[in-house]
Amino acid sequence: MLSKKTKYAIKALMVLGRNYGKDPMQIVKIAEEENIPKKFLEQILLEMRNAGILYSKKGAGGGYSLNKAPEDVYLSQVMRLIDGPIALLPCVSLNFYRSCDECTTEHACGIRDTFVEVRNAMLQILNDTSVASLINKEKQLNLDTTEDH
């Protein structure tokens, strides 16, 4: 399951993505807009700044902004940064590989083989989904719900 920390990171990135090209946003504004605890958000934003996803400016008019266009920030990179491996099993992880303790024949394991397929399908979606595409999807969903009424 997606951790609350990663979900908050994605929500904060969407706020910053909608604000892209404007003045930096203060943490308190992002926290209020997405109902995220301020202290928790501070840690998340700092982590993303240290990874180069965000830019921060101190002082008056300071805050956080995206360091690159929303089209260039992908869910796969955010998830790996915040939660680590995307794969559901350590033996199929691309960046955090570990053999399974109980496994003796990894190359002939049906479970592993199936979860390689799951990983590949999931990565395809996460690598293709940017902050910008999430923002656009949300706009479309909001349009769809207003048209239904």
Side-chain angles (χ1 to χ4, degrees), residues 1-21 24-56 63-148:
M1 280 176 61
L2 198 61
S3 73
K4 195 168 268 195
K5 186 176 180 183
T6 297
K7 194 172 181 181
Y8 286 161
I10 295 167
K11 285 174 159 275
L13 288 170
M14 289 176 69
V15 170
L16 293 168
R18 287 189 289 269
N19 194 60
Y20 185 68
M25 288 185 75
Q26 293 183 333
I27 292 174
V28 79
K29 175 97 172 91
I30 300 167
E32 285 171 3
E33 206 168 305
E34 288 299 331
N35 200 23
I36 302 170
K38 184 178 169 281
K39 281 285 184 205
F40 197 26
L41 183 60
E42 284 174 359
Q43 296 170 349
I44 295 166
L45 296 178
L46 186 61
E47 214 170 311
M48 291 195 290
R49 189 204 70 191
N50 290 341
I53 295 172
L54 300 179
Y55 165 80
S56 68
Y64 281 90
S65 54
L66 287 179
N67 209 17
K68 43 187 157 181
E71 295 80 18
D72 298 326
V73 180
Y74 293 92
L75 285 186
S76 56
Q77 99 188 90
V78 176
M79 288 176 66
R80 280 190 179 114
L81 172 68
I82 304 296
D83 277 342
I86 290 171
L88 298 174
L89 293 173
C91 65
V92 301
S93 179
L94 295 173
N95 297 317
F96 301 90
Y97 172 86
R98 247 183 33 253
S99 64
C100 295
D101 297 335
E102 66 285 347
C103 192
T104 54
T105 56
E106 188 175 282
H107 65 281
C109 176
I111 297 169
R112 180 181 191 277
D113 193 57
T114 299
F115 280 88
V116 165
E117 290 179 43
V118 171
R119 178 210 61 207
N120 291 344
M122 201 159 74
L123 269 180
Q124 180 72 54
I125 294 166
L126 297 174
N127 285 334
D128 290 345
T129 305
S130 68
V131 168
S133 60
L134 284 177
I135 292 167
N136 291 333
K137 186 175 286 198
E138 202 169 78
K139 282 180 191 169
Q140 188 58 52
L141 289 168
N142 282 323
L143 281 175
D144 291 348
T145 56
T146 55
E147 289 172 2
D148 289 345

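For the single chain, residues carry numbers from 1 onward in sequence order.
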Chemist: A quick test of your reading: do over 12 heavy atoms of other residues, nucleotides or ligands sit less than 6.0 Å from CG of Leu94?
Modeler: yes

Chemist: Could you check if a side-chain atom of Tyr97 sits within less than 4.5 angstrom of a side-chain atom of Cys91, using non-hydrogen atoms only?
Modeler: yes

Chemist: Please report the closest heavy-atom contact between Gly84 and Phe96, naming both atoms and the distance.
Modeler: C-CE1, 3.5 Å

Chemist: CE/Met122 to CG/Leu75 distance, rounded to the nearest 0.5 angstrom?
Modeler: 11.0 Å

Chemist: Are the side chain of Ser133 and the backbone N or O of Ser130 linked by a donor-acceptor pair below 3.5 Å?
Modeler: yes

Chemist: Closer than 3.5 angstrom, by distance alone: can the side chain of Arg119 be matched with the main-chain N or O of Val92 as a donor-acceptor pair?
Modeler: yes

Chemist: Taking atom NZ of Lys68 as the centre, report whether more than 12 heavy atoms of other residues, nucleotides or ligands fall under 6.0 Å from it.
Modeler: yes

Chemist: Working to the nearest 0.5 Å, report the span between CD of Glu106 and OG of Ser99.
Modeler: 6.0 Å

Chemist: Compare every heavy atom of Leu66 with every heavy atom of Gly17, then report the nearest pair and how far apart it is.
Modeler: CA-CD1, 3.6 Å

Chemist: To the closest 0.5 Å, what do you measure between CD1 (Ile10) and CD (Glu34)?
Modeler: 11.5 Å

Chemist: Tyr74 side chain to Glu71 main-chain N or O, any donor-acceptor pair under 3.5 Å?
Modeler: yes

Chemist: So which atom in Pro85 and which in Ser93 form the shortest heavy-atom distance, rounded to 0.1 Å?
Modeler: CB-OG, 3.9 Å

Chemist: Should the heavy atoms of other residues, nucleotides or ligands under 6.0 Å from CG of Asn142 be counted, would the total exceed 12?
Modeler: yes

Chemist: Enter the distance from Ile44:CD1 to Lys7:NZ here, rounded to the nearest 0.5 Å.
Modeler: 12.5 Å

Chemist: Side chains of Glu33 and Arg18, heavy atoms from C-beta outward: is any pair under 4.5 Å?
Modeler: yes

Chemist: Measuring only between side-chain heavy atoms, which start at C-beta, is Leu134 closer than 4.5 Å to Leu13?
Modeler: no

Chemist: Looking at side-chain heavy atoms only, is the closest gap between Asn136 and Gln140 below 4.5 Å?
Modeler: no

Chemist: Short question: side chain of Asn127, backbone of Leu123 - any donor-acceptor pair under 3.5 Å?
Modeler: yes

Chemist: Could you check whether atom CD of Gln26 has more than 12 heavy atoms from other residues, nucleotides or ligands sitting under 6.0 Å from it?
Modeler: no

Chemist: Which pair of heavy atoms, one from Tyr55 and one from Asn67, lies closest together, and at what distance?
Modeler: CB-OD1, 3.8 Å

Chemist: Take atom CG in Asn35; do more than 12 heavy atoms of anything else shown fall under 6.0 Å from it?
Modeler: no

Chemist: Decide, yes or no, whether a salt bridge links Lys29 with Glu32 under the criterion of side-chain N to carboxylate O below 4.0 Å.
Modeler: no

Chemist: Less than 4.5 Å apart, any side-chain heavy atom of Ile30 and any of Leu45?
Modeler: yes

Chemist: If you round to the nearest 0.5 Å, how far is NZ of Lys5 from CG of Asp83?
Modeler: 8.0 Å

Chemist: Might you work through the side-chain contact (heavy atoms from CB on, under 4.5 Å) test for Val78 and Val131, ending with a clear yes or no?
Modeler: CA-CA 10 Å; Val78 176; Val131 168; 5.6 Å; no

Chemist: Would the distance check show the side chain of Asp113 and the main-chain N or O of Cys109 forming a donor-acceptor pair, the cut-off being under 3.5 Å?
Modeler: no

